[in-house]
Amino acid sequence: MQTNTRPAPATATPTPAETPGGGATAATFPVDGRTAPELPPRDDWPSSGGSLKKAPKRGLFDPEIVRPALVDSLRKLDPRHLARNPVMLIVEIGAAITTVIFVRNLLGHGVDPTWFVGWIAAWLWFTVFFANFAEAMAEGRGKAQADTLRKMRSETMAKVMVGGDRSRIEQRASSALRPGDLVLVEAGDIIPSDGEVIDGVAYVSEAAITGESAPVLKEPGTDIASSVTGGTQIISDALVIRITAEPGKTFLDRMIALVEGAQRQKTPNEIALNILLAGLTIIFLIVVVTLRPISQYAGAIGSTTVLIALLVTLIPTTIGALLSAIGIAGMDRLVQRNVLAMSGRAVEAAGDVDVLLLDKTGTITFGARQAAEFIPVPGVTERELATAALRSSLADDTPEGKSIVALAESLGLATEPGALEGAELVPFTAETRMSGIRLDGHATMKGAVDAIERNATSPIPPALHESANRIGAEGGTPLAVIDDGRPLGVIYLKDTVKPGIRERFADLRAMGIRTIMITGDNPLTATTIAREAGVDDFVAQAKPEDKIRIIRDQQADGRLVAMTGDGTNDAPALAQADVGVAMNTGTAAAKEAGNMVDLDSDPTKLIEIVAIGKQLLMTRGALTTFSIANDVAKYFAILPAMFLTAYTAEGGAPGRLAALNVMRLTSPHSAILAAIIFNALIIIALIPLALRGVAYRPMSAASLLRRNLLIYGVGGLVAPFVGIKLIDLILTAVGLS
């Protein structure tokens with residue numbers, strides 16, 4: 001028998017210490033004092049053909065994206081594709097008609113000058129092309145990332161353990177693996193598919209997925225530490241993995257499908273806006289059709305080419321061209337922050353979130369609750385309490401249980417070989433909220449104070465409540481211990497609020513979002529943490545079903561709810577929430593239930609997700625405001641130009657309608673052509689704004705409306721007057737008037 005006198009470590013995560021030579025020393029596990037495998041120097045890390053460091057962020061107009069986007073823009077000219085965008089379909093139909101008219105003009109059957117019809121047709125085609133280019137650019141950024149992921153998904157030969165025997169290895173392609181297969185992976189191997197570690201301890205590089213070069217320690221026993229993803233690479237030692245995913249349904253396959261822009265579905269808000277744009281298009285189509293007989297009666301320019309030009313400038317082509325790109329770019333901004341959204345609906349819902357539900361452990365606090373002290377009740381020695389706590393934790397694989405074992409061993413206690421033989425292990429459940437061991441008719445249990453009280457057969461000493469209250473007031477978690485129904489004392493578990501979390505919650509409050517902390521801890525602990533973190537409300541001693549109840553109650557009041565989670569017990573609540581963000585280190589059930597996955601497993605990133613969602617809605621609102629204001633200004637270019645020759649005064653002098661030519665454009669033809677050119681160029685000018693999004697600032701809806709009207713409304717009115725006048729001057733200078 002050997003006594004372990006190591007003190008309990010204080011760190012929360014087994015992080016290898018970097019050495020001057022670029023290597024790393026062995027790390028100590030925070031929960032049980034074991035030594036982690038030694039991480040080899042960085043220069044000796046195996047390579048699968050790509051860098052383990054995060055790839056540089058692509059520029060907005062990266063040539064590798066622009067070139068395919070130009071080709072894709074031509075492919076999208078297919079009317080079957082444009083049928084999803086009625087506004088641009090009308091523009092393409094107009095371009096086709098004017099092209100036919102141009103050909104007839106060349107044969108001597110035209111009304112308008114041939115050069116005029118030719119330029120109108122060309123710029124209408126450019127308008128459709130630029131709209132397609134905006135969408136193709138947004139999709140291209142996702143496709144570029146998908147192509148990178150596909151390179152990771154190359155066929156990998158897996159070492160399958162036949163019958164679970166490590167000595168009988170069979171080489172099998174990763175595509176032939178099935179759930180339940182046991183696979184051996186060693187240093188330098190690519191993990192062939194998603195699975196869970198059932199044996200071994202090793203470092204795994206997840207750089208190919210998360211972009212972070214620091215390897216992650218994987219070991220069996222916990223949901224998070226045992227989960228591995230196909231396509232990642234083992235850096236040291238060896239692991240035995242149980243495959244959990246069907247071929248073609250791995251997390252990497254889902255990532256590829258999600259970042260493909262073409263597979264993103266339109267959100268309800270986007271669909272509603274499309275319906276509005278289609279309605280406006282139909283209305284203006286009717287208006288333009290009725291202008292034909294009016295213009296003929298008045299002797300104005302009422303040719304088919306001019307009426308098509310008028311229709312294109314009347315309908316909201318700017319927002320119609322950029323609407324799809326805005327939605328795709330919003331999802332791309334999430335991808336750049338290592339968050340995968342299952343649909344555009346989730347991104348949009350994030351922008352409308354009213355209530356944010358957050359787990360305390362791992363989200364608001366570091367989640368590294370460790371046994372720091374044994375506090376016995378009067379009449380019980382610290383050693384007696386520590387012995388009972390050690391016995392109740394021998395089969396506890398949770399970080400808390402392991403830390404209790406480590407603390408007891410630091411006091412000189414030792415674990416007898418075969419101590420668990422013949423013992424009945426009592427696992428922790430959300431219902432009982434305690435765990436322990438039964439052996440030879442004796443039961444030693446630990447758990448929440450109220451749960452232990454219900455199972456104690458001896459009176460609870462007041463000192464136990466005093467210790468529990470003090471621990472809770474200090475932000476710790478008390479675990480009471482009983483041996484054969486006799487209370488022995490309390491184990492002090494400590495946790496720490498993350499720095500800067502209070503300021504982030506203040507930002508959420510400025511957005512009008514209410515934060516609710518959910519915890520299974522007692523009310524005193526929850527009160528202390530809630531006060532320190534600055535949340536708006538909290539729910540203590542919560543069970544998994546309480547999360548769903550709270551979400552449903554908030555939704556019944558008309559609010560949109562977001563939450564994060566990583567465990568299987570979080571899956572129902574993640575599925576119920578409007579925005580459910582699952583951690584990449586979480587269980588497969590959590591990832592399936594959520595509509596977003598955070599590859600960095602940072603629960604506080606939900607704040608950034610909300611900001612990106614709001615930025616998407618703000619961008620769409622800003623460009624819609626600009627587009628409508630922009631169209632109003634263009635009326636003053638084309639309508640006066642159409643009727644400039646109507647109702648002339650005596651001697652052929654311009655009539656009273658000439659007063660409508662406020663921009664003093666040179667001629668009807670130059671005015672109409674200038675408006676069409678401006679209409680196409682403004683789409684190009686707004687592509688960067690659609691892809692990057694407008695600058696986000698926390699503000700109320702009323703303030704946002706005022707901002708949009710002042711910046712984008714006024715800007716949309718002024719820009720066409722300036723732009724069309726400049727283009728008219730250029731056209732006049734080159735003789736196109």
Nearest non-hydrogen partners of [X] and [Y], listed with the distance:
X	Y	answer
A202	D237	CB-CB, 3.9 Å
P523	F538	O-CE1, 4.3 Å
S403	A371	OG-N, 3.0 Å
Q541	D546	O-OD2, 4.0 Å
I437	A423	CD1-CB, 3.5 Å
P487	I482	CA-CG2, 3.7 Å

Once you round to the nearest 0.5 Å, how far does [atom1] of [X] lie from [atom2] of [Y]?
X	Y	atom1	atom2	value
R502	I364	CZ	CD1	11.5 Å
L464	I452	CG	CD1	9.5 Å
M445	L479	CE	CG	12.0 Å
I548	L357	CD1	CG	11.5 Å
K605	M583	NZ	CE	8.5 Å
I190	Q233	CD1	CD	4.0 Å

With the threshold set at 4.0 Å, does a side-chain nitrogen-carboxylate oxygen contact exist between [X] and [Y]?
X	Y	answer
D557	R559	yes
K446	D396	yes
D181	R242	no
R514	D536	no
R504	E608	yes
D483	R486	no

Can you confirm whether [X] sits close enough to [Y] that some side-chain heavy atom of one is under 4.5 Å from a side-chain heavy atom of the other?
X	Y	answer
L390	I404	no
I191	I241	yes
P478	L493	no
K218	L239	yes
L334	I609	yes
P220	V197	yes
D189	E186	yes
Q576	Q555	yes

Is the backbone N or O of [Y] less than 3.5 Å from a side-chain atom of [X], with the two atoms forming a donor-acceptor pair by type?
X	Y	answer
D194	G230	yes
E424	A443	no
D537	I516	no
D578	A562	no
D484	T444	no
S467	V490	no
S392	A389	yes

Legend entry - Partner set under side-chain contact (heavy atoms from CB on, under 4.5 Å) for A386, not counting sequence neighbours: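 side-chain contact (heavy atoms from CB on, under 4.5 Å) check on A386 returns F374, L411, L413.
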Inset, instruction - Go through the steps for V339 and V597 under the test side chain to side chain contact (heavy atoms under 4.5 Å, CB included), then give the verdict. - result: CA-CA 6 Å; V339 177; V597 177; over 6 Å; no
Inset, instruction - Would you please test F505 and L358 for side chain to side chain contact (heavy atoms under 4.5 Å, CB included) and show each step? - result: CA-CA 11 Å; F505 286 148; L358 302 129; 3.5 Å; yes
Inset, instruction - Run the numbers on I513 and D354 for side chain to side chain contact (heavy atoms under 4.5 Å, CB included), then give the verdict. - result: CA-CA 5 Å; I513 298 173; D354 304 297; over 6 Å; no
Inset, instruction - Could you please spell out the steps behind the side chain to side chain contact (heavy atoms under 4.5 Å, CB included) verdict for I235 and V204? - result: CA-CA 5 Å; I235 298 297; V204 173; over 6 Å; no
